[in-house]
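Read the numbers this way: they start at 1 and go in the same order the structure lists the ligands and their atoms.
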Amino acid sequence: MLVLFKENISLRPYNTFHIDVSAKRFVTIRTLEDIQGIIKKGHILRRTLVIGGGSNILFTQDYPGLVVYNRIGGITLFKEEGDKVILDVGSGVTWDRFVQYCVDHGYYGAENLSYIPGTVGAAPIQNIGAYGAQVSDIILSITGVDFRTGTKRIFLREDCDFGYRRSIFQLAPDTYLNTSVRFRLSTQPTLNTSYPALANELKKIKNPGPEDVRNAVIRIRRRKLPDPEQRGNAGSFFKNPFVEHSLWESLIKEFPEMPYHKYEDDKFKIPAAWLIEQCGWKGKQRGQCATWPSQPLVIVNLGKATGEEILDFARDIQKSVKKRFNILLAPEVRIV
Ligand code: EPU
């Protein structure tokens with residue numbers, strides 16, 4: 001199919017922070033053949049960026065290369081294996097449309113990840129997670145195309161080095177374009193409702209099913225998180241930090257009320273939202289930037305913020321947390 005290149009177009013409609021920068025070149029792709037054709041004809045520039053939903057990116061300047069807007073669609077049933085189904089899903093499919101599809105068809109395992117913005121192809125890159133589940137729990141493999149050669153490569157789940165908000169794809173971003181993701185889901189509901197906020201939301205429902213889980217997650221997210229349509233944002237701006245035993249010990253002496261989660265390797269995960277709140281940043285506004293009042297881990301664009309202003313605001317939050325707790329918060333959002 002013919003693909004159309006555009007020059008110097010605004011990326012504002014393509015990022016959920018609503019930052020108004022422009023891309024030197026821009027192309028929309030809808031099939032695997034589209035991207036292979038572009039590579040073969042030598043259209044890939046030294047700087048090439050793939051975007052899906054644009055929901056985990058902060059643009060701080062005009063993009064001087066090619067932006068590939070990924071709209072590769074399709075959800076197909078590859079096979080059934082006992083009480084499991086294997087689905088191949090185009091990387092440009094909207095993530096929540098896929099979750100809705102699964103719940104509608106009685107395929108379970110994705111429902112805790114309801115209502116997360118973004119696309120199927122972007123989900124494994126940061127290994128999206130919420131309410132006790134991570135996308136790596138249900139991924140079997142990912143098919144990608146190498147930008148330099150146009151060759152296809154299949155990454156098995158074991159090859160992806162998945163961890164908390166981590167995958168191999170972050171090591172060399174924009175080397176591969178994920179074209180499809182293969183998922184394994186269950187036809188038997190196996191609910192995972194131990195995450196405290198979710199358990200609490202489901203308290204009133206007798207024998208909840210996966211649809212109830214999806215609806216509960218949607219209600220919590222709507223209550224706690226800003227709608228990017230109304231307030232530009234990219235979800236959690238920072239990752240929750242892990243600290244060593246010695247730092248945890250000194251902090252808990254000083255702040256006995258500090259929430260934390262202990263892991264087997266003697267690492268402690270501390271909610272970044274708590275650290276940010278303690279430093280006085282909850283609900284704070286500066287110019288066109290603010291932290292969200294019910295979840296200060298989310299930074300919002302009040303309308304006309306530039307990417308640089310948001311980055312400065314985030315850096316000042318980082319500095320406060322470092323000074324008070326000796327913890328360096330790492331951005332979860334990709335800064336370009
Ligand atoms: N907290 C505060 N003050 C607040 C809000 C929260 O101190 O104003 C503390 C509380 O102790 C609370 C804890 O932070 O128990 C955790 O809060 P929450 O359950 O909202 O989760 P989170 O750790 O802040 C993570 C993900 C979210 C995901 C939620 C729910 C990261 C970086 N973020 O946030 O993901 O929706 O858990 O599972 O891991 C995203 O990645 O964009 C995102 C929104």
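Of all protein heavy atoms, the one closest to atom 14 (O) of ligand 1 is Pro271 CB, 3.2 Å. Looking from atom 23 (O) of ligand 1 to the surrounding protein, the closest heavy atom is Asn240 ND2, 2.8 Å. In terms of protein heavy atoms, atom 5 (C) of ligand 1 is closest to Ala273 CB, 3.8 Å. For atom 38 (O) of ligand 1, the nearest non-hydrogen atom of the protein is Tyr131 N, 2.7 Å.
The nearest non-hydrogen atom to atom 26 (C) of ligand 1, considering only Gln295, His261, Glu332, Arg165, comes from Arg165. The option with the heavy atom closest to atom 4 (C) of ligand 1, from among Arg221, Lys269, Glu277, Lys224, is Glu277.
A salt bridge does not link Asp316 with Lys284: none of the charged nitrogens is closer than 4.0 Å to a carboxylate oxygen. Using a cutoff of 4.0 Å between basic side-chain nitrogens and carboxylate oxygens, Lys24 and Asp62 are not scored as salt-bridged.
A continuous path of Ile, Leu, Val, Met, Phe, Trp and Tyr side chains, each step under 4.5 Å between heavy atoms, connects Ile19 with Leu311, placing both in one hydrophobic cluster. There is no path of hydrophobic side-chain contacts, each under 4.5 Å, that joins Ile128 to Leu225.
Residues satisfying the side chain to side chain contact (heavy atoms under 4.5 Å, CB included) test with Asp96, not counting sequence neighbours, are Val99, Ser114, Tyr115, Arg214.
Side chains of Asp20 and Ser10: a donor on one and an acceptor on the other come within 3.5 Å. A donor atom on one side chain and an acceptor atom on the other are found under 3.5 Å apart for Ser136 and Asn127.
The parts of Ser236 lying near ligand 1 are both backbone and side chain, judged by heavy-atom distances below 4.0 Å. Contact annotation: for Tyr195 versus ligand 1, heavy atoms closer than 4.0 Å belong to the side chain alone. When non-hydrogen atoms are compared, ligand 1 lies under 4.0 Å from neither the backbone nor the side chain of Gln126. If you look at Ser294 next to ligand 1, the close heavy atoms, those under 4.0 Å, all belong to the backbone.
For atom 33 (N) of ligand 1, the protein comes within 4.0 Å by at least one heavy atom. By the definition of a contact as any protein heavy atom under 4.0 Å away, atom 12 (C) of ligand 1 is not in contact.
Short contacts between ligand 1 and Lys282, defined as distances under 4.0 Å to a heavy atom of the residue, involve ligand atoms 4 (C), 8 (O). Of all the atoms in ligand 1, the ones that sit under 4.0 Å from a non-hydrogen atom of Pro296 are 4 (C), 8 (O). Those atoms of ligand 1 that come under 4.0 Å of a heavy atom in Phe238, given as number and element, are 32 (C). Of all the atoms in ligand 1, the ones that sit under 4.0 Å from a non-hydrogen atom of Trp274 are 2 (C), 7 (O). Proximity to Tyr164 (heavy-atom distance under 4.0 Å) selects the following atoms of ligand 1: 31 (C), 32 (C), 39 (O). Taking every heavy atom of Gly235 and a limit of under 4.0 angstrom, the matching atoms of ligand 1 come to 42 (O). Every atom of ligand 1 is numbered from 1 in the order shown, and the set under 4.0 Å from a heavy atom of Leu297 is 24 (O). Each of the following atoms of ligand 1 lies closer than 4.0 Å to a heavy atom of Pro259: 11 (O).
When ring centroids are compared, Trp281 and Phe313 come within the 6.0 Å threshold.
Within the structure, the ring pair (Phe, Tyr, Trp, His ring centres under 6.0 Å) test picks out the following pairs touching residues 193-232 (sequence neighbours left out): Tyr131-Tyr195.
Of the residues Thr143, Thr119, Asn70, the one that meets the side chain to side chain donor-acceptor pair (under 3.5 Å) test with Ser91 is Asn70. Tyr263 pairs with exactly one of Tyr164, Phe268, Phe242 by the ring-ring contact (aromatic ring centres under 6.0 Å, His included) rule, that one being Phe242.
Smallest separation of non-hydrogen atoms from Pro210 and Pro189: CG-CB, 3.9 Å.
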